[in-house]
Each structure stands twice: as structure tokens, then as C-alpha cells.
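Down below is the structure, laid out as C-alpha cells.
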Amino acid sequence: MSGHSSYTPKTGIEKWIDARMPLPRLAYDSFVAFPVPRNLNYAYTFGGILAIMLVIQILTGVVLAMHYAANTGLAFESVEKIMRDVNSGWLLRYMHANGASFFFVAVYIHIYRGLYYGSYKAPRELLWILGVLIFFLMMATAFMGYVLPWGQMSFWGATVITGFFTAFPVIGESIQQFLLGGFAVDNPTLNRFFSLHYLLPFMLVGVVILHVWALHVTGQTNPTGIEVKHKTDTVAFTPYATIKDAFAMVVFLAVFAYFVFYMPNFLGHPDNYIVADPLKTPAHIVPEWYFLPFYAILRGITFNIGPIDSKLGGVIAMFGSIAVLFVLPWLDTSKVRSAAYRPWYKLFFWLFVIDTIFLGWLGSRPAEGTYVTMAQIATLYYFCFFLIIMPVLGLIETPKRLPNSITEAVLEKNKGGAHAQPAGAAAAPETKG
Amino acid sequence: MKTILKGFAALGLGMALVTGALGAEEGGHSAAEPTHFPIKKPAYQEWSFAGPFGHYDKAQLQRGLKIYKEVCSACHSMKRVAFRDLEELGYSEDQVKAFAAEYEVEDGPNGDGEMFTRAAKPSDYFPSPFPNVEAAAAANNGAAPPDFSLLAKARAVERGFPNFIFDVFTMYQEQGPDYIHALLTGYNEQPPEGMEIPEGTHYNPYFIAGKSLAMAQPIDDGVVSFDDGSPETLEQYSHDVAAFMMWAAEPKLEDRKKTGFRVMMFMLVFAGLLYLTKRKVWSNVDH
């Protein structure tokens, strides 16, 4: 989409379709001829991996929905029917449950990648914002999906999370009742969560299409952060990116398969094999692992700030931790994109990665004693990273010397390497080998 | 290199914080009135179904079934397991039919609108000892005995850091049976001095949710007889019934691990081929 189309219909039927609805042309321009920077590393394969995970989730989910009953009296038993009596039902369910986790593994790596290489900077702000929107929709979908098996954690997780809304003054309780369809988590809640859990993934698909569209308008960033300037900076999507993405995808799916087949319950909670009981609160209510950093932030706010009590403060901090991502493109003042040329940013970035993982671990601990203090420190760093380090560092940091182009960076890196003719090779890659 | 060093420094910082946290957790403990349960972590046991090639030991499952039938089923239901499932334990269709026929189940209504009882068929599920949870609780000092069908997956002692990371590589998924074995063999221990045990409960340091539980020691040496020569000891019973409960909770485990091996092999070979293709495709481009 950058530049004009290079698609030439060959057969009669291709010409006929192209004149009426040029879908093959769109596909060709997007996934065959589309130029990608030649220096992309494996961190850039997670977009494709996320696409395949979304497809896996939708396919397994649609079949699971054929056997599932969204009713408080039947839900748990219907899931057990799937596990015991439906052909390959255990496989579908374990794939779907672990698929959600691996969807988040991939999305977190994808987001870290974007942060490291400054992928959110102009002209890719909308691309980034659409991505954050996808992340937000994923979280909503995953949360509602976790309620469906109607185990103890399903029920109590839903109770706790919808309880956040009561923190808002005046309208809070009405919002909560509106979400639940009653005064507590019950059959109406389960029914609407099932409905929304089926709806949201398709909305996700819609936003993903916009995300990919925006990507194809601006083109991909790359580890140097320098824009593509010349044709030699790029290679064709097919076969170069296709084969690299395919390899990364299979490696990722192999790790996924390891969990599905050998430790399918490792990422789940044993309490969810106990049917929901509104009269019995589990000792520790913990959300799924991918929500733990946000849960730690929520519980880290144990003090009142002026008129805001600690409960509302926690909810604001939690939503704020995601909301801050939306304005990130305008918080980073650095003119240099990639952390490769920003030594200080690189340090703070890795601290941020450790901080978020640490927050995740704290989220799994009870909110007591030193855990709370540590969660507060980690939360402070989380927000400082975006609100102070990002704007200030961009102004005071001296970046390393930037290469003039992607090609120059690649040649510099491979100096003395075996490949002498990169420019010609990229222009006509099919002539060699 | 510098990046790596910085990474290590940051990791070190993280570790220090974690160590501090672990210290904090230990803080509130006192021997007489502990606040974290279980008091003792279950010991690792050998299980035939552990690991990538794990499979159920049918003789062990049959012994476990015998224990369940003769001891546990007096109080514990197992309502999600059907008699037909017992063929997976190595019984023939006729044996399962005969086994089922020993049970009575309610059916109906018949043509006159009356409920009636009849001998169970293989398609029936194990009947529960109590008509409902309330009745079960009333007959058991207020604590309803939990259903057996998922118990082996519904109980797991928290692994904590860093064990949960090692578990990924050791494929440790047997927390449930380890816990059941520990609980059943943990009744003979004496509570530490000064510990108050509530009336009608029984001290067991392996119990996951407190210092004592409502269930008294359910089984001891020699209670169930085996005709395959296996030792009739508490240790053996605990193993067998825990393995049986794992099967009840995860009947498709063998199928899963077998399929998993094929899938993993395919994925590794496929990944290898893709990698070679990728190298070939990129061989003429500096990147």
C-alpha cells in the first residue's frame, strides 16, 4: 500500500475478478509484494503469532460453545461433559484455556517490543492506539471467558472485578448492577458474559483489521528505528517475512503444545475445579496470571488521596495503568525511536520489564505486610516510567550516533561478513540460490 | 555485553526484593498457631502417570476402585464418573455390567408416575451416598465430604517462587495425588504443644485449609484386602486411591500425553525444516 500496486492478473478469471472486486490484488499487495525492512528480528514475528492465536481461540471457542450451557446449574457440568465425553473435548478445552494464556504471552512480548523500539512514535500513533484497544478488548474477553466454567475462581473473580465499579461515587452501584444484571453474580451475569464473550472476539477481529491496515499504510518499524528510505532497505514480505514468521510461529506453537499436552492446568487455578459456591469464599481470590500486575497495582493503593478513598484510588490506578498507554506517543519526547541508540532508555526499559514481572508476582501474593510496600514501589516505578522518565529522558539523553539508513546499519553490523552484494541481492533476491 | 551486565544487575535487584518478600512471608509463623496452610508440604511420590510418557497402572486403579467402593464411598460421592468409564481400568464389558448391577439407582417416573429403583446399568453414574449437600453436611458434623470426581485436580498446595518455574521444566503436575497421599498418611502426627484443636476435628499438618479437618483418619493398615498380593498397608492404600482419584479427575490423561508426543515430534521436525528453509531464503540478503 506504500506505493502503487505491482499486481498483474495473469489468468482470465483473475482479470475478471480484479476488474470487479480486487481482493486478490489487496492480498497480493499486503502479503506478497509488501515491502518489509530487511533487518527485522524475531521480536517482530509476534504480530503474526497473535493473528494465529486469535484464529485458534475463535475456532476452538466456536466448537466449545456447541457443547457448553450458559446456565449456573449446568455450566460446570457441561464443561466436565466436554472434558469426559465430547470427542477430543479435552483437547479443545485445554487449547482454549491455555490459548488465552499464550495469547497474552504473545501480546506482552509484542507490547514490550513496541516499547523497546519506539514503534508508537509518529507516524504510527494510531497504529499503537488501535493496538492498545485490542489489548483492552482481549482483557475484557479473557475475563468474561474465565467466568464461564463457573468454578469457584470464576465466580469470585467476577464478584471482585465487578465490585471495582462500586468504588465510583454515586453511579458506581448502578453500573455494577447493570453489568451483573442483578445485585450479585448469578445466572443473568453468566448469560450476558457468555454472549459478550462470543461477541467481543469478532469485534477484536475488526480492530485487528484496522491495526493491520494502519500498519500497511505506515510500514513496519525496525530495530534501528530509521524509516525506510530506499528500496534496498526492504525485502518483499513473501518469501522473506512469510518464512521467518512461519518458523517463529511453529516454535511458539510448540511451546504452547507443551503446555496443552503436558501441563494443561499449570496456568489455571485448582479452585476452578470446584463448582461455584456463593456461600464459600476461597482463601485467596486471585485472577488469571495475565491480570496479576494490574491486580497488584489495584491493591497497592492502600491510602486515601484527598477526597479519593483508597478503593477508588486503586481502581483509578488500575485503569490508569492501561489508559496511560493510549497517550504514550505524546509522552515520549525523544527524537530517536529505537532503544538500541538510547543507552539510558534501554536501562529504564529493562527495569520496566522486571518491574511489571515483579508486579505480576506481587499480584499473586496476599495483600499484607511488605508485599503492599513492594507493590507500591513497583507501581510508582510503573507510572514514573511513562509519566516522568519518558518525557524527561527524551530531552536530556544523548543518543548514540544513528546510521544513515537501514542498509548502512546492516552493512556495519555484518562488516567483514560473507555477503558482499546486499543491494543487488535485495533488488533481485530470486536470482541467487 | 553491557546490556547483559545491566540485565544481570537488574535481575539481582529483583531477586533481592523477592528474597525480602519470602522473608516477610516467614515472619508471621508460630508453631502453635500457624497462619499459613498446609503446615507441612506434601512429599513427592512416584506416580506411573507422571512425565511425558505417563500412563495409568491399571492394577493400581483397580485397587483404588476397591478402596473407594469399600471405604470412601460411604461418605464421598463421585457423581461425574459413570460405570461405563470403568472399562478404562481394564474390566470387560460384562464385568462392568456385573459391577454396576451391585448398585441401586432411582429411575422414573414410570407409566404410573411413580419413581422406582432398579439395578444400575453401565450408562449410569456412581450413585451418591447422600441425597444432597445439606444431607451430607448434616450427617458429617457440618462439613459435607467433597465429591471425588475432580478432587485430584481441585487440590494443590501452592508451589511458590521459584518452584513454579522449575515445575515448567520438570513437568510436575502431580500436586493433587501428592496432596491426597500426604493427607491420608498424615493423621498419626501429634499437634505441637499449645495448639488448640477444635472439637470434632482432627489434626493433620498436611491439610490444605487449616490445622485440622472434620474427617477422621478414614483408612488404616489392613482395612481393605487385595487379591493381587499388594501390601495391605496405609502407604499402599494412599497411593492407590490417590492414583484412582487422578484417573477419575483426568480420565483422558493417557490419550493426552500420547497425542502430545506425536504433536511435539511433528512440531520439532516442522520447525527444523522451516528453519532450514528460512536460512536458504535469507542466505542472499544481509540482515
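Here is the naming used below: chain letters follow the sequence lines, and residue numbers restart at 1 for every chain. Atoms considered below: every heavy atom in the structure, side chains included; atoms not considered: hydrogens, waters and symmetry mates. Since the structure is predicted, the reported quantities are computational estimates derived from the model, not experimental observations.
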Please classify the contact of [X] with chain A as side chain, backbone, both or neither, using a heavy-atom distance under 4.5 Å.
X         : result
Ala50(B)  : neither
Val263(B) : side chain
Pro52(B)  : both
Asp147(B) : neither
Arg262(B) : neither

Is it the case that the side chains of [Y] and [X] hold a donor-acceptor pair, with the cut-off being a distance below 3.5 Å and no angle test?
X         : Y         : result
Ser212(B) : Asn204(B) : no
Thr356(A) : Tyr112(A) : yes
Trp289(A) : Ser101(A) : yes
Asp233(A) : Thr407(A) : yes
Gln45(B)  : His181(B) : yes
Tyr116(A) : Arg342(A) : no

Does any non-hydrogen side-chain atom of [Y] lie less than 4.5 Å from one of [X]?
X         : Y         : answer
Tyr42(A)  : Val251(A) : no
Ser149(B) : Arg84(A)  : yes
Ile49(A)  : Phe102(A) : no
Phe259(A) : Tyr262(A) : no

Where on [X] is there a heavy atom nearer than 4.5 Å to chain B: the side chain, the backbone, both, or neither?
X         : value
Val353(A) : neither
Gln152(A) : neither
Pro223(A) : neither
Asp85(A)  : side chain
Phe76(A)  : side chain
Ala283(A) : neither
Leu253(A) : both
Tyr258(A) : both

In terms of heavy-atom pairs under 4.5 Å with chain A, which of [options] leads?
options                                   : value
Lys257(B), Lys252(B), Lys79(B)            : Lys252(B)
Met264(B), Arg279(B), Lys258(B)           : Met264(B)
Asp85(B), Leu253(B), Leu151(B), Val168(B) : Val168(B)
Asp167(B), Asp255(B), Leu268(B)           : Asp255(B)

What about the rings of Phe207(B) and Phe37(B), do their centers lie closer together than 6.0 Å?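 They do not qualify: ring centres at least 6.0 Å apart.
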
Kindly state whether the ring of Phe348(A) and the ring of Phe385(A) have centres lying under 6.0 angstrom apart.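 Judged by ring-centre distance (under 6.0 Å), Phe348(A) and Phe385(A) do not meet the cut-off.
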
Who in residues 169-180 of chain B is close to chain A, using a strict under-4.5 Å heavy-atom cut-off?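 When heavy atoms of chain A are the reference, residues 169-180 of chain B contributes Phe169(B), Met171(B), Tyr172(B), Gln173(B) within the under-4.5 Å range.
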
Apply ring pair (Phe, Tyr, Trp, His ring centres under 6.0 Å) to Tyr44(A) and Tyr117(A), showing your working. CA-CA 10 Å; Tyr44(A) 285 82; Tyr117(A) 291 119; 5.5 Å; yes

Can you list everything that forms a ring-ring contact (aromatic ring centres under 6.0 Å, His included) with Phe148(B)? Sequence neighbours excluded, please.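 For Phe148(B), the residues satisfying ring-ring contact (aromatic ring centres under 6.0 Å, His included) (neighbours in sequence not counted) are Tyr68(B), His76(B).
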
